Trainee: 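My structure is below; once you've seen it, I'll send some questions.
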Number of protein chains: 2
Amino acid sequence: MYIEVFSLNSELDHYDSRILAELQSDARISMAELGRRVHLSQPAVTERVRKLESSGVITGYRATVNVNRLGYGIRAVMRVSRAEYARVVKLIGQTPEVINAYNITGEDSWLLEIAVIDVAHLDAVVTKFCILTETSTAIILNAARENYPILPARQENVKPLIKKTTTA
Amino acid sequence: MYIEVFSLNSELDHYDSRILAELQSDARISMAELGRRVHLSQPAVTERVRKLESSGVITGYRATVNVNRLGYGIRAVMRVSRAEYARVVKLIGQTPEVINAYNITGEDSWLLEIAVIDVAHLDAVVTKFCILTETSTAIILNAARENYPILPARQENVKPLIKKTTTA
DNA sequence: CATGAAAGTAACTCTCG
DNA sequence: CGAGAGTTACTTTCATG
């Protein structure tokens with residue numbers, strides 16, 4: 001018999017994966033409809049969703065919007081070089097154009113994704129960060145993939161460094 | 001009198017902004033509750049949401065998940081140098097670890113955001129793309145901001161290159 | 001399974017061009 | 001006077017104990 005390889009998500013079964021897939025593709029379906037899709041009763045699926053929320057697997061539900069339709073002609077990514085951490089965080093907090101801000105490894109310690117109205121607006125935002133440190137900006141031409149649904153990491157995807165061994 | 005400066009979102013009024021803000025912070029509230037928050041009746045707010053959807057302003061609703069809780073220990077960004085467009089797109093299609101894939105300007109023509117289980121898994125994904133062209137990977141240490149809500153670009157935020165002029 | 005809330009539908013009102 | 005948007009009232013569907 002094989003030794004079980006447990007992971008952080010060992011408690012998530014097939015039903016939970018189905019639920020997560022459905023809610024990542026449409027977060028506004030009713031629990032009744034979700035139950036139909038995953039073949040569970042409505043109270044059963046509601047209880048599972050509640051547990052996924054309270055255990056922190058599901059962190060929220062958000063409408064996704066088309067930034068172009070909202071008047072933002074340009075999306076861009078800015079690489080921001082090392083600078084005093086607190087100052088960068090503060091500046092991000094003062095910049096609503098920043099949609100995502102990642103602190104990353106390497107020479108560029110920050111990667112920001114921004115949405116701006118036009119080139120003049122882009123210039124204004126870049127300048128705000130240039131005052132702090134060096135930046136490098138690239139405009140997003142298109143997205144081949146966006147917010148791809150994430151399913152629980154499965155054991156067959158894991159390539160363990162230590163092979164499973166048999167018990168005595 | 002000033003010439004009106006129209007933009008793509010000129011039809012979006014204060015109510016629509018409120019609706020967009022609410023649905024980006026919680027996409028699962030009922031239309032009745034949304035109506036209460038923005039001070040409109042349930043049928044009225046439902047109709048506005050329907051129009052925002054059909055006009056392409058709202059593109060969908062998604063549950064957001066904690067990738068760590070799903071067994072992915074590492075999030076990273078990969079910069080991928082110029083390569084045959086179709087081959088990159090095809091490879092992205094074959095790689096579920098890619099959450100976001102942006103085609104960008106500059107030397108690195110692609111920026112990919114990925115979620116992987118561990119270093120061995122990261123190595124496997126990076127190698128897939130290294131075969132095609134040069135890559136540069138940085139691990140995401142933390143996110144100072146994620147999916148910041150986007151509101152309609154407002155005229156007071158726009159710095160027009162051509163100033164408003166008076167009519168004859 | 002029963003009760004209360006929410007969604008969908010229809011008829012009516014109000015305002016504005 | 002007609003078009004558009006909102007409200008109220010009512011029926012069906014959904015959520016919750």
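The sequence lines fix the lettering, A, B, ..., with proteins before strands; numbering per chain opens at 1. Note that the coordinates shown come from a computational prediction; the quantities given were computed from them, not determined experimentally.
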Trainee: Using whole Å, what does the distance between atom P of nucleotide D:dT7 and atom NE2 of B:His39 come to?
Mentor: 12 Å

Trainee: Hey, can you pull the residues of residues 21-34 of chain A with a non-hydrogen atom under 4.0 angstrom from DNA chain D?
Mentor: A:Ser30, A:Met31, A:Ala32

Trainee: Quick one: which of D:dT16, C:dT9, D:dG6 gets closest to the side chain of A:Pro43?
Mentor: D:dT16

Trainee: Nearest whole angstrom, please: distance from the C1' of C:dA6 to the CZ of B:Arg37.
Mentor: 15 Å

Trainee: Any Lys/Arg nitrogen of A:Glu146 or A:Arg75 sitting under 4.0 Å from an Asp/Glu carboxylate oxygen of the other?
Mentor: yes

Trainee: Taking the minimum atom-to-atom distance to the side chain of A:Gln42, which one of C:dG8, D:dT16, D:dG6 wins?
Mentor: D:dT16

Trainee: Keeping B:Lys128 on the side-chain end and B:Gln94 on the backbone end, is there a donor-acceptor pair under 3.5 Å?
Mentor: yes

Trainee: Would you say the side chains of B:Tyr61 and B:Glu53 form a donor-acceptor pair under 3.5 Å?
Mentor: yes

Trainee: Do B:Thr59 and A:Thr64 have side-chain atoms, one donor and one acceptor, less than 3.5 Å apart?
Mentor: yes

Trainee: Please state how far atom CG in B:Asp13 lies from atom P in D:dG4, giving the value in whole angstrom units.
Mentor: 17 Å

Trainee: How close or far is atom C1' of D:dA5 from atom CD1 of B:Ile19, stated in whole angstroms?
Mentor: 13 Å

Trainee: Counting only heavy atoms from other residues, nucleotides and ligands, does the tally under 6.0 Å from CZ of B:Arg37 exceed 12?
Mentor: yes

Trainee: If we count only N and O atoms by modelled type, under 3.5 Å, do the side chains of A:Tyr148 and B:Glu97 hold a donor and an acceptor together?
Mentor: no

Trainee: Rounding to a whole Å, what distance do you find between B:Arg36:CZ and D:dT8:P?
Mentor: 13 Å

Trainee: Give B:Arg50 one of three labels, base, sugar-phosphate or nothing, depending on what nucleic acid heavy atoms sit under 4.0 Å from its own.
Mentor: nothing

